[in-house]
Engineer: 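This is the structure, below, for whatever I ask next.
Letters A, B, ... mirror the listed sequences (proteins, then strands); counts begin at 1.
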Amino acid sequence: MAREIAKAYDPQQIEPRWAEYWVKEELFKADPAAQTGGKVFSIVIPPPNVTGSLHIGHMLEHTEIDVLTRWHRMRGYNTLYLPGTDHAGISTQRVVVRQLADQGVDYHRLGREEFLKHAWRWKEENGGMITAQMRQIGESCDWSREKFTLSREMSRVVREAFVRLYEEGFIYRDKRMVNWCPVCLTVLSDLEVKHEERQGHLWHIKYPIAATKEFLVVATTRPETMLGDTAVAVHPADERYKHLIGKKVALPLTTREIPVIADEMVDREFGTGAVKITPAHDPNDFEVGRRHGLAEIDVMTDDGRMNAAAGAYAGMDRFAARKKIVEDLQAQGLLEKVSDHTLSISLCERSKTIVEPRASTQWFCKMKPLAEPAIAAVERGDIQIIPENRREEYFNWMRNIRDWTLSRQLWWGHQIPAWHCANCKEITVAREAPQKCAKCGSAKLIQDQDVLDTWFSSGLWPFSTLGWPDKTADLKTYYPTSLLITGYDILFFWVARMIMLGMHFTGEVPFRVVYLHSLVRTASGEKMSKSKGTGLDPVALNQQYGTDAMRFCLASMAAPGTDIVLSDDRLLGARSFANKIWNAARFLFMNLDKFEEGGTRLEELASPESRAKAPYATASGVPLIDEWLFARLAVTIESVNAALENYRFHEAAQNVYQFFWGDFCDWYIEWVKPELLSAERGRAVVAWKNLFAAFDAALRLLHPFMPFLTEELWHQLPQRAGAKSIALAEFPEARAEWKKSAALEQFALIQELVGSVRIIRAEMKLDPKKRVAAEFSVPDAAARKFIETNRDGVLRLALLSELKLSPERQPQAGGAVRSTAQFDVRIEYQEIIDAGAEVARIRKEIERINKDIASKERQLGDETFRSRAPEKIIRGMEITLAERRVELEKLAERLGQLEKSA
RNA sequence: GGGCGACUAGCUCAGCUGGUUAGAGCGCUCGCCUCACACGCGAGAGGUCAAAGGUUCAAGUCCUUUGUCGCCCACCA
């Protein structure tokens, strides 16, 4: 029965149906009992960045993940998603903090419990939204697992990991220089600090030398920190200052006197060669201070204002204080000069405020010993990093790794499992809250208020989600996982730490392959970001183009190594492709009744046994066109598989596109149309069977890329009883009996035949409806034979009224002629063609061929080339050369005729 | 200061381990509303592969230098 489907593909009508269906039917639920012959594909999924909604970057990532997962699933793997961890903890907090601020609530005063209530509520609401959006874009993963993240179970895992690392001596507590954000009121890891070049000043300040009228001039970019100076350092070998070492200088604006010390770290060339030392506010100075036993005077408050130690400046904002101090110094004549200076400032990645280096007591993790095995694993190839060039980046960072600042002064996150004794200050690190202090027995224990960097728990994800520290069946089956896909921007934040922690705790790598995808950028090349307002909204694009189009577009642009700039053009192209598929299906559906009248049940054809029978033969064998199409299909399947195996999504997409549009639609459907409607029943049925088989295979081939569209069409086609989803159908196999290279060559010649007539028609500006007679001269007898068998198709596609075949080289003049090495075609037509243009064209062509011939003759005549080049290249070149010569000869002949008749 | 990447048709980009006439999509030109599709069909124009050297029988592809743009890392006051 003929089926009506809409005239154009409307994603808004189709797509919403399926996302929920997939999840409801639990199509993507891992099945450890599945008989997969040990074929397991487990994939670690990065978290959606829960700052409100998805952005287009997620689309790329999840398209890649989903393509690979569906592809594996269709090929009989037991597949498992490990949904990404909540690294969004901090961004969640940021959003909630902002919202609270809008309501006039101070986050820091709120307290942990109260704040978490707000944060959880927000996360419930928005987490649900994210899940819905993920569904909408075709992600079939069950995001409810994400709730695991901050659950009690996860806390247990995090504590376990923390305590173990502590007991093994990796985690320690220390006072040292850290990056402090005065707005977020927390310490930041090095990775959370961004650097920026800014135009600043270098203030030269005169420090009076005690008991003299002299001054020692120091240069600084941050005058406000001078209030915390506890020394001035010079280079020990600096002749200018040697005599001052050990002397004292008066610290201006204060009553303190500070020593002049000698330290190698001073660069004699920079500034004045004398450096003020502020151990509490500068990393270098901190080191120097420790070496020389200097006091560490912190002159600032947590929120970046001057504290009591700053004397008269107490209470002022650090930048206001800077201004005032400079003014005061000037007033006292202690400011020698101010010069311009370009400096690199440190900014908090989130609040964009200038980070204040501060000495502070924090929790740290020793990284060197964790990094070593992680480096070795990548060196050995136990973990493969793709693309290759990121390996170096990984090594570079890992070899220069520094200890990791674990603690954060936030309410949101996993609280550090350490308890401080109110009595004796002893710290107890434990899995569960201890009853009393191990040292003094006091019961007055207070848990450390700090939380762990979210990347700590994220780093445990590949095994914590599988049940670690217990030895679970999941862990055994799915760990090490097969693959991690993520953006290269979190290689260090997340990937490196998962490798280090994974190897440390499980003794095995957490994943075999790390595929680092590109970042999607805006037209102006910026990284897409919500906060900058440069992100494309996937939901809006969804409305505009459809998810399948978006997915296909992203996949086709996902060449590894370079970033992606998304454009409307590409999206439109992908939408057109979706529409093309839809319409090809529409063509099938409109004529289904004719097929079914033939007595074959379509649903029978959809069985694997029937699929093996394609292509079907008529009484006279399998038609060339069908052999050709299935040969092309086999080639396409093979290249798609190869491409996906190597994460070359763009190649896979391109191959599918080319096959479906170029081969299936443009040639196959056009060619078999009349056969489908043929009065000859048997022939029509065979044509339909093959068309159906090919289309069915093409749909399955396309499914990983365009899940919605293919699911819809697959359901529209009759399927066997109990068939649930195309996602569970087999991915097409490149069957050995499909690979007919002869058919590929033969049909290629026919395509050329048709093409050459079309060229002539276009050049002569023939009325498209006007059929003309063509004369082909084909010296090769075998070729003449298969052209003869396929005469009808050529007649139709080339719009010919008549087709003459001769074995002779075409001698006659007149009409329009086109030649290749294999054949000539001549079209007789009374209207005179533009002889001048034709002559010009031929001359140009001759020139090109001449060049080519000359270059090949030169190479083939070269003994070194002949002795060194592979046989295949030489043979190929000889054949091509022979063909070129024939072409040249024909062109010259034709040119002669034209010139004679002119 | 280190490290990495990009530079190929008007535009956006492919081109994996060097190998016969460098590709695609969009745009443009010409002709078509041909009963699946104008989100379409057929044809065409358009490139000294950023520059200069080098290695090689052979270079868009490997090496060196230069230029332009971008990114990442780095505690120089």
Engineer: Does A:W667 have a side-chain nitrogen or oxygen under 4.0 Å from the phosphate oxygens OP1 or OP2 of B:G42?
Structural biologist: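 It does not, given that no N or O in the side chain of A:W667 lies less than 4.0 Å from OP1 or OP2 of B:G42.
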
Engineer: Please report, rounded to the nearest Å, how far the C1' atom of B:C13 is from the CE atom of A:M557.
Structural biologist: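 Going from A:M557 (CE) to B:C13 (C1'), I get 7 Å.
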
Engineer: For A:D285 and A:T225, run side chain to side chain contact (heavy atoms under 4.5 Å, CB included): C-alpha distance rounded to whole Å, both residues' side-chain angles, the deciding distance at 0.1 Å, then the answer.
Structural biologist: CA-CA 11 Å; A:D285 295 4; A:T225 64; over 6 Å; no

Engineer: Compare the minimum distances between each of B:A36, B:U20, B:C39 and the side chain of A:K856, then state the nucleotide with the smallest one.
Structural biologist: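 Closest nucleotide among those given: B:U20.
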
Engineer: Checking base pairs now: Watson-Crick or wobble, both atom distances under 3.5 Å. What partners B:C11?
Structural biologist: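 B:G25 - that is the nucleotide pairing with B:C11, both distances being under 3.5 Å.
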
Engineer: Would you confirm whether A:H204, through its side chain, and A:V217, through its main-chain N or O, come within 3.5 Å as a donor-acceptor pair?
Structural biologist: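 Checked: no pair found.
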
Engineer: Does B:C32 have OP1 or OP2 under 4.0 Å away from a side-chain N or O of A:R761?
Structural biologist: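 No.
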
Engineer: So which nucleotide does B:C33 pair with, by the Watson-Crick or G-U wobble rule with both distances under 3.5 Å?
Structural biologist: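 For B:C33, the partner nucleotide comes out as none, under the 3.5 Å rule.
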
Engineer: Taking atom P in both B:U65 and B:G25, compute the distance separating them and give it to the nearest angstrom.
Structural biologist: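 The answer is 39 Å between these two P atoms.
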
Engineer: Check every strand shown and say whether A:W661 touches a base, only sugar-phosphate, or nothing at a heavy-atom separation below 4.0 Å.
Structural biologist: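 A:W661: backbone/sugar contact only, no base atoms under 4.0 Å.
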
Engineer: Roughly how many Å apart are B:U68 and B:A52, using the C1' atom of each and rounding to a whole number?
Structural biologist: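 Here B:A52 and B:U68 have their C1' atoms 15 Å from each other.
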
Engineer: When we call it a touch if two heavy atoms are under 4.0 Å apart, what does A:R648 touch: a base, just sugar-phosphate, or nothing?
Structural biologist: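 Sugar-phosphate only.
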
Engineer: Closest to the A:D666 side chain: B:C41, B:C13, B:A77?
Structural biologist: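 Side chain of A:D666 sits closest to B:C41.
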
Engineer: Under the side chain to side chain contact (heavy atoms under 4.5 Å, CB included) criterion, do A:H281 and A:E224 qualify, and how do the steps go?
Structural biologist: CA-CA 10 Å; A:H281 286 279; A:E224 69 280 10; over 6 Å; no

Engineer: What about A:E670: does its side chain form a donor-acceptor pair under 3.5 Å with the base of B:A36?
Structural biologist: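 Yes, a donor-acceptor pair under 3.5 Å.
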
Engineer: Determine whether a donor-acceptor pair (one donor, one acceptor, N or O, separation below 3.5 Å) exists between the side chain of A:D569 and the base of B:C26.
Structural biologist: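 Check fails, no donor-acceptor contact within cut-off.
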
Engineer: Base, sugar-phosphate or nothing for A:T880? Non-hydrogen atoms, less than 4.0 Å.
Structural biologist: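 Here A:T880 touches the bases of the nucleic acid.
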
Engineer: Quick one: A:L572 CG to B:A24 P, roughly how many Å, whole number?
Structural biologist: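 Going from A:L572 (CG) to B:A24 (P), I get 20 Å.
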
Engineer: Rounded to whole Å, how long is the line connecting atom CZ of A:R758 with atom P of B:G44?
Structural biologist: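 That distance rounds to 11 Å.
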
Engineer: Choose from B:A36, B:G25, B:C75 the nucleotide whose nearest atom is closest to any side-chain atom of A:N284.
Structural biologist: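 Within the option list, the nearest is B:C75.
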
Engineer: On a whole-Å scale, what distance lies between the P atoms belonging to B:A22 and B:A6?
Structural biologist: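 Roughly 23 Å separates the two P atoms.
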
Engineer: Would you sort out whether A:F695 and A:I669 count as a side chain to side chain contact (heavy atoms under 4.5 Å, CB included), showing the intermediate values?
Structural biologist: CA-CA 10 Å; A:F695 184 71; A:I669 292 186; over 6 Å; no

Engineer: Counting only N and O atoms by type, is there a donor-acceptor contact under 3.5 Å from the side chain of A:E15 to the main-chain atoms of A:T547?
Structural biologist: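 Flag set: sc A:E15 to bb A:T547 pair under 3.5 Å.
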
Engineer: Sort out the partner of B:A50 for me: Watson-Crick or G-U wobble, both distances under 3.5 Å, none otherwise.
Structural biologist: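 Answer to the pairing question: B:U66, which forms a Watson-Crick or G-U pair with B:A50.
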
Engineer: When the C1' atoms of B:C13 and B:C73 are compared, how many Å lie between them, rounded to an integer?
Structural biologist: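 So the two C1' atoms sit 29 Å from each other.
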
Engineer: Which nucleotide in the list B:A43, B:G19, B:A36 gets nearest to the side chain of A:I873?
Structural biologist: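 Nucleotide nearest to A:I873's side chain: B:G19.
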
Engineer: What's the closest nucleotide to the A:K7 side chain, out of B:C37, B:A24, B:C41?
Structural biologist: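 For A:K7, the side-chain atoms sit closest to B:C37.
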
Engineer: Among the candidates B:A77, B:C4, B:G40, find the nucleotide nearest to the side-chain atoms of A:E393.
Structural biologist: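 It is B:C4.
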
Engineer: On RNA chain B, check which nucleotide each of A:S576 and A:E878 is closest to and give me the residue with the more 5' one.
Structural biologist: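 On the 5' side of the pair lies A:E878.
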
Engineer: Determine the interatomic distance between C1' on B:A24 and the same-named atom on B:G46; round to the nearest Å.
Structural biologist: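 Comparing C1' positions in B:A24 and B:G46 gives a spacing of 15 Å.
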
Engineer: Let's see if you can work this out: which of B:G19, B:A36, B:C33 has an atom nearest to the side-chain heavy atoms of A:F865?
Structural biologist: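 From the listed options, B:G19 comes nearest.
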
Engineer: Checking all strands, does A:R176 fall into the base, sugar-phosphate, or nothing category for heavy-atom contacts under 4.0 angstrom?
Structural biologist: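 Nothing, no heavy atom under 4.0 Å.
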
Engineer: With sugar-phosphate meaning primed atoms plus P, OP1 and OP2, does A:P870 contact a base, only sugar-phosphate, or nothing at under 4.0 Å between heavy atoms?
Structural biologist: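 Base, at least one base heavy atom under 4.0 Å.
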
Engineer: In whole angstroms, how far is the P atom of B:U48 from the CZ atom of A:R848?
Structural biologist: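 Checked: the CZ to P distance equals 15 Å.
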
Engineer: Looking at B:G42, B:G19, B:C16, which one has an atom nearest to any side-chain atom of A:Q859?
Structural biologist: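 Closest nucleotide among those given: B:G19.
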
Engineer: Considering every strand and a 4.0 Å limit on heavy-atom distances, what is the contact class for A:K872: base, sugar-phosphate, or nothing?
Structural biologist: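 Nothing, no heavy atom under 4.0 Å.
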
Engineer: For A:K844, report the nucleic acid contact type (base, sugar-phosphate, nothing); a contact means any heavy atom under 4.0 Å.
Structural biologist: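 Sugar-phosphate, no base atom in range.
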
Engineer: When rounded to the nearest Å, what value does the distance between C1' atoms of B:C26 and B:G60 take?
Structural biologist: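 My reading of the C1' atoms in B:C26 and B:G60 gives 23 Å.
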
Engineer: Kindly indicate whether a cation-pi arrangement holds for A:K580 with A:F664, taking the cut-offs as under 6.0 Å to the six-membered ring centre and within 45° of the axis.
Structural biologist: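 No.
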
Engineer: What's the shortest heavy-atom distance between A:L516 and A:P387, and which atoms?
Structural biologist: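 Looking at all heavy atoms of both residues, the closest pair is O-CD, 3.4 Å.
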
Engineer: Would one find a side-chain N or O of A:K765 under 4.0 angstrom from OP1 or OP2 of B:C30?
Structural biologist: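 Checking A:K765 against B:C30: no side-chain N or O falls below 4.0 Å of OP1 or OP2.
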
Engineer: Using purine N1 to pyrimidine N3 plus N6-O4 or O6-N4 for Watson-Crick, or N1-O2 and O6-N3 for G-U wobble, both under 3.5 Å, which nucleotide pairs with B:A74?
Structural biologist: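 Partner of B:A74: none found under 3.5 Å.
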
Engineer: Under 4.0 angstrom, heavy atoms only, what part of the nucleic acid is A:K851 near: base, sugar-phosphate, or nothing?
Structural biologist: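 Since no nucleic acid heavy atom lies under 4.0 Å of A:K851, the category is nothing.
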
Engineer: Expressed in angstrom and rounded to an integer, what is the separation of A:L491 atom CG from B:C72 atom C1'?
Structural biologist: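 Whole-Å distance recorded here is 11 Å.
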
Engineer: Roughly, in whole Å, what's the span from CG in A:N583 to P in B:C41?
Structural biologist: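 That distance rounds to 10 Å.
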
Engineer: Using the rule given for side chain to side chain contact (heavy atoms under 4.5 Å, CB included), can you reason through A:I205 versus A:M226, listing the C-alpha separation, both sets of side-chain angles and the distance that settles it, and then say yes or no?
Structural biologist: CA-CA 10 Å; A:I205 305 171; A:M226 68 176 286; 4.2 Å; yes

Engineer: Checking base pairs now: Watson-Crick or wobble, both atom distances under 3.5 Å. What partners B:G60?
Structural biologist: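 Across any shown strand, B:G60 pairs with none.
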
Engineer: In whole angstrom, what separates A:L766's CG from B:G44's P?
Structural biologist: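 That distance rounds to 15 Å.
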
Engineer: I want to check one thing: is the phosphate of B:G15, taken as OP1 and OP2, less than 4.0 Å away from some side-chain N or O of A:H650?
Structural biologist: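 Looking at the OP1 and OP2 atoms of B:G15, one of them is under 4.0 Å from a side-chain N or O of A:H650.
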
Engineer: Without decimals, in angstroms, what is the distance between A:N396 CG and B:G1 C1'?
Structural biologist: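 The distance from CG of A:N396 to C1' of B:G1 comes to 13 Å, rounded to the nearest Å.
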
Engineer: Between A:R268 and A:D862, who's closer to the 5' end of RNA chain B by nearest nucleotide?
Structural biologist: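 Here A:D862 is the residue nearer the 5' end.
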
Engineer: When the ring planes of A:F577 and A:W661 are compared, do they come out parallel, tilted or perpendicular, using 30° and 60° as the limits?
Structural biologist: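 If you compare the ring of A:F577 with that of A:W661, the planes turn out parallel.
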
Engineer: Hunt down the Watson-Crick or G-U wobble partner of B:G18, both distances under 3.5 Å, from any strand shown, or write none.
Structural biologist: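 B:G18 is unpaired by these criteria.
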
